[in-house]
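Structure first, then comments.
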Number of protein chains: 2
Amino acid sequence: MNEIEVFRKYVKESGLRNTPEREVIIEEIFLTHDHFDVDTLYLCLKNKKCSISKASIYRTIPLLIESGLIKEVFFEDGHMHYEHVLGHEHHCHFRCLGCGKIIEFKEDEVMDIEKKCSESYGFEVTGHKLELFGYCRECLKKEGKDRKVSTIDRVDVD
Amino acid sequence: MNEIEVFRKYVKESGLRNTPEREVIIEEIFLTHDHFDVDTLYLCLKNKKCSISKASIYRTIPLLIESGLIKEVFFEDGHMHYEHVLGHEHHCHFRCLGCGKIIEFKEDEVMDIEKKCSESYGFEVTGHKLELFGYCRECLKKEGKDRKVSTIDRVDVD
DNA sequence: ATTATTATTGAGAATCTATTGCAATAATAA
DNA sequence: TTATTATTGCAATAGATTCTCAATAATAAT
């Protein structure tokens, strides 16, 4: 099943209605593997002349999350950022505090943590969000120039 | 060093000025180990008659993050939530999708992931944010009653 | 101590994100 | 084909955060 078929199935099972607007949104989101936010998605569609109101985009987002097509990845610059899940292998995010760049990387060990957490605490873990932050190779080279490091890196707690 | 001393040091080194308002904010935050958000902090201080304007709280938050005293933990209900770091042992968060409850739990394995990431990709990792989500023991008991589960739990990708 | 400099404060205005009300439209079922 | 009602777009609204600006107060200099 591709993303459109998944959504049609979800819509039918939930007693909702499918619309061309929603399919246009889904198609746009799945064009790339990049993160997106509501505003860029809106502008992107506007430029392509398949303009869709922001209200409709905002109303569609929860449906896409609910149907498992997309997920929230991080909140930045005052708004949420999303990425599509279907067809996009699971990964974590590394955020460079120097240049702001987001780098995806694979990591299977989190599954172990999920499992351990399930067993130790009796939770049913259905997903996770892991973000590492620090400085990327490029910013480390510039060393201290553009690097904004907290003056207090380590604090002695008595 | 306690939180006030850490902040005074940070302020001095950054060429800023310390104020009684900022120290009141810090003291309030460090009174408990709970998560907090700007609005509850504001109301809390207001009730204690040490009222401080929201603008000042908003302006102080980035300084507290920068000085390593607090960190963002999650964005929920339309605003950011924070917790203090100094004196609060590192931990991860489990969010129950059934009742919305946040549960803290200890997990050391993430450090291994940090290390592996540093070595494989040449990053300098300074921190992380791990959030697991799913259903807590209580919600699992109620099984399917209040549980809001996506209709599509697993999707066959061809 | 006193004075000068300028960061900080508080109040409210402004901005930005996200949600909602409503009339018109259009997707589904009958 | 018709009836029902979810969805759309627009505008109004709510809520969070930032900004403006005059008054205040923390530090440095004298």
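What you see below is based on every heavy atom in this structure, not just the backbone, and it leaves out hydrogens, waters and symmetry mates. On a predicted model such as this, the values are computed, not experimentally measured, just so you know. Chain A is the first sequence line, chain B the second, and so forth, proteins listed ahead of strands; every chain is numbered from 1.
In plain terms, the two heavy atoms of Val125(A) and Ser118(A) that are nearest each other are CG2-OG, 3.5 Å. Between Leu69(A) and Glu3(A), the shortest heavy-atom distance links the atoms CD1-O, 3.7 Å. Nearest heavy atoms, Met1(A) versus Leu86(A): O-CD2, 4.2 Å.
Bounding nucleotides for the chain A contact on DNA chain D, 5' to 3', at a heavy-atom distance below 4.0 Å, are dT4(D) to dC10(D).
With Glu27(A) contributing its side chain and Val24(A) its backbone, the two residues share no donor-acceptor pair below 3.5 Å. With hydrogens and angles disregarded, no donor-acceptor distance shorter than 3.5 Å links the side chain of His88(B) to the backbone of Asp34(B).
With sequence neighbours left out, the side-chain contact (heavy atoms from CB on, under 4.5 Å) criterion links Val73(A) to His35(A), Lys71(A), His81(A), Glu83(A), His93(A). For the side-chain contact (heavy atoms from CB on, under 4.5 Å) test, residues two or more places apart in sequence or in another chain that qualify with Asn18(A) are Phe7(A), Arg8(A), Val11(A), Arg22(A), Glu23(A).
For the pair Asp37(A) CG and dT17(C) P, the interatomic distance rounds to 9 Å; values are reported in whole Å. Atom CG of Leu63(B) and atom P of dT9(C) are 9 Å apart (whole Å). Here dG10(C) presents its C1' atom at 12 Å from CD1 of Ile57(B), a figure rounded to the nearest Å. Protein atom OH of Tyr58(B) is 19 Å distant from nucleotide atom P of dA14(C), rounded to whole Å. Atom P of nucleotide dT17(C) and atom OH of Tyr42(A) are separated by 13 Å, given to the nearest angstrom. Counting to the nearest Å, the P atom of dT28(C) and the NZ atom of Lys12(A) are 8 Å from each other.
Within residues 44-53 of chain B, no residue has any heavy atom closer than 4.0 Å to DNA chain D. Annotation: proximity of residues 17-32 of chain A to DNA chain C (heavy atom, distance under 4.0 Å) is found for Arg17(A), Asn18(A), Pro20(A), numbered in ascending order.
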Requested in this report: Evaluate the criterion side-chain contact (heavy atoms from CB on, under 4.5 Å) for residue pair Phe133(A) and Thr126(B); output intermediate values, then yes/no.
Outcome: CA-CA 6 Å; Phe133(A) 33 90; Thr126(B) 59; 4.1 Å; yes

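In Lys12(B), the NZ atom is not crowded: 12 or fewer heavy atoms of neighbouring residues, nucleotides or ligands sit closer than 6.0 Å. Under a cut-off of 6.0 angstrom, the local environment of NZ in Lys101(A) is crowded, with over 12 non-hydrogen atoms contributed by other residues, nucleotides or ligands. More than 12 heavy atoms of other residues, nucleotides or ligands lie within 6.0 Å of CD in Glu5(B), so this atom counts as buried by the packing criterion.
In this structure, Ile65(A) is a member of the same hydrophobic cluster as Leu63(A), with clusters built from ILVMFWY side-chain heavy atoms closer than 4.5 Å.
Considering only the side chain of Ala55(B), dG10(C) comes nearest among dA18(C), dG10(C), dT8(C).
A centroid separation of 6.0 Å or more is found between the aromatic rings of Tyr121(A) and Phe94(B).
Both Gly15(B) and Arg59(B) sit near DNA chain C, but only Gly15(B) has its closest nucleotide nearer the 5' end.
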Requested in this report: Could you summarise the pairing of DNA chain C as dot-bracket text, marking Watson-Crick and G-U pairs under 3.5 Å with ( ) or [ ] inside the strand and | across strands?
Outcome: ||||||||||||||||||||||||||||||

